[in-house]
Amino acid sequence: MERIKDAYICSFKQKSSLISWEIIDNERNRREGIPEHWKDRKYKHEFDCPIDCPFRSICNHQTINDDISPLKYKMTNKFTNQRYMGMYNERFSESESINGYIKNTTGIFKLLTSDKESVQKEIYIINMIYNLIRFNNIKGTAY
């Protein structure tokens, strides 16, 4: 089913609505010290098909449950917005080349800028930091 902000669209073009969410009892949520806003939740979406809907008798998806964290739910909602998808597609190719290494060694976890030109400049600076770290590590090792 197609996902839109806070809802689903069925194959018969009916829109669901988010009717409730509740914190679920799972092993991850029982960990010591996990904050309430990080706990996994069950988001319940329900299709409210009108009585005159011709597909009401064959509709087999009256409710949909998403068992995910609030962060994943927010990100899913963001990616239903075409503006965020465009930004992500522009930034992905610029930042994914050595992203894992940069996160682990320099502690940079997200880009601070949002438009393409400033992202490129920020990535150039981060890559320069990466190259300086590598240069320092390999200095004197050539034979």
Side-chain angles (χ1 to χ4, degrees), residues 1-139 141:
M1 273 186 245
E2 182 183 350
R3 181 75 158 79
I4 59 171
K5 185 173 172 45
D6 285 329
Y8 286 93
I9 300 286
C10 76
S11 53
F12 307 120
K13 305 299 181 206
Q14 297 296 323
K15 182 181 173 186
S16 71
S17 57
L18 178 65
I19 56 170
S20 67
W21 62 265
E22 60 187 44
I23 294 176
I24 56 177
D25 184 32
N26 63 11
E27 188 175 316
R28 180 183 150 114
N29 286 348
R30 282 185 243 127
R31 290 183 303 177
E32 183 99 16
I34 186 169
E36 288 292 313
H37 63 278
W38 284 7
K39 290 186 176 182
D40 289 348
R41 292 179 167 87
K42 178 180 292 216
Y43 295 92
K44 190 178 271 188
H45 298 269
E46 188 172 75
F47 287 92
D48 188 22
C49 298
I51 295 185
D52 62 340
C53 178
F55 309 106
R56 190 175 179 90
S57 61
I58 59 172
C59 185
N60 60 358
H61 49 263
Q62 296 299 326
T63 59
I64 295 175
N65 294 319
D66 287 331
D67 294 346
I68 56 176
S69 69
L71 178 63
K72 286 182 184 176
Y73 191 79
K74 286 180 187 175
M75 290 306 295
T76 303
N77 278 335
K78 277 191 173 182
F79 282 116
T80 59
N81 184 336
Q82 292 305 311
R83 176 177 168 259
Y84 287 104
M85 279 302 287
M87 285 171 51
Y88 179 74
N89 287 335
E90 279 185 4
R91 295 173 72 182
F92 183 79
S93 62
E94 299 292 328
S95 65
E96 292 299 320
S97 56
I98 54 172
N99 205 12
Y101 180 84
I102 289 171
K103 286 179 181 179
N104 290 330
T105 56
T106 62
I108 297 169
F109 289 106
K110 68 177 189 175
L111 298 174
L112 301 173
T113 57
S114 59
D115 64 358
K116 185 170 180 156
E117 185 178 341
S118 56
V119 165
Q120 284 177 332
K121 290 177 182 175
E122 188 174 353
I123 290 297
Y124 292 150
I125 292 170
I126 291 170
N127 287 341
M128 187 171 60
I129 293 169
Y130 166 76
N131 288 330
L132 288 172
I133 291 169
R134 284 196 62 226
F135 179 73
N136 189 39
N137 290 339
I138 63 172
K139 191 170 124 184
T141 60

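Throughout, numbering of the chain's residues begins at 1 and tracks the sequence. Atoms considered below: every heavy atom in the structure, side chains included; atoms not considered: hydrogens, waters and symmetry mates. Computed from a predicted model, the values in this text were never measured in an experiment.
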Response to the item:
Asn77 meets the side-chain hydrogen bond (donor to acceptor under 3.5 Å, both in side chains) criterion, sequence neighbours left out, with Arg3, Asp6

Worksheet item: Do you know the tightest heavy-atom contact between Ile68 and Lys72?
Response: CD1-C, 4.1 Å

Response to the item:
By side-chain hydrogen bond (donor to acceptor under 3.5 Å, both in side chains), Tyr43 pairs with (sequence neighbours left out) none

Worksheet item: At what distance, to the nearest 0.5 angstrom, does CD1 of Ile126 lie from CG of Leu112?
Response: 7.5 Å

Fill in: For Lys121, all residues meeting side-chain hydrogen bond (donor to acceptor under 3.5 Å, both in side chains), sequence neighbours excluded
Glu117

Discussion item. Show the nearest heavy-atom pair for residues Ala7 and Ser16, with the distance to one decimal.
Written reply: CB-O, 3.1 Å

Discussion item. Could you measure the distance from the NZ atom of Lys78 to the OG1 atom of Thr76? Nearest 0.5 Å is fine.
Written reply: 11.5 Å

Worksheet, complete the sentence: Taken in chain and number order and not counting sequence neighbours, the residues that satisfy side-chain contact (heavy atoms from CB on, under 4.5 Å) with Ile23 are Trp21, Asn29, Glu36, Lys39, Arg41

Item to complete: To the nearest 0.5 angstrom, please state how far the OH atom of Tyr8 sits from the OG1 atom of Thr80.
Response: 11.0 Å

Discussion item. Show the nearest heavy-atom pair for residues Pro70 and His37, with the distance to one decimal.
Written reply: CG-O, 3.4 Å

Practice prompt. Would you mind listing every salt bridge (charged side-chain N to carboxylate O under 4.0 Å, His left out) that reaches into residues 16-28, with sequence neighbours excluded?
Written response: Asp25-Arg30, Arg28-Asp40

Response to the item:
Value for OG (Ser17) from NZ (Lys44), rounded to nearest 0.5 Å, stands at 12.0 Å

Worksheet item: Say you draw a straight line from CD1 of Ile125 to CD of Gln120; how long is it, rounded to the nearest 0.5 Å?
Response: 12.5 Å

Worksheet entry | Distance in Å, Asn26 CG paired with Lys42 NZ, rounded so as to fall on 0.5 Å steps | 10.5 Å

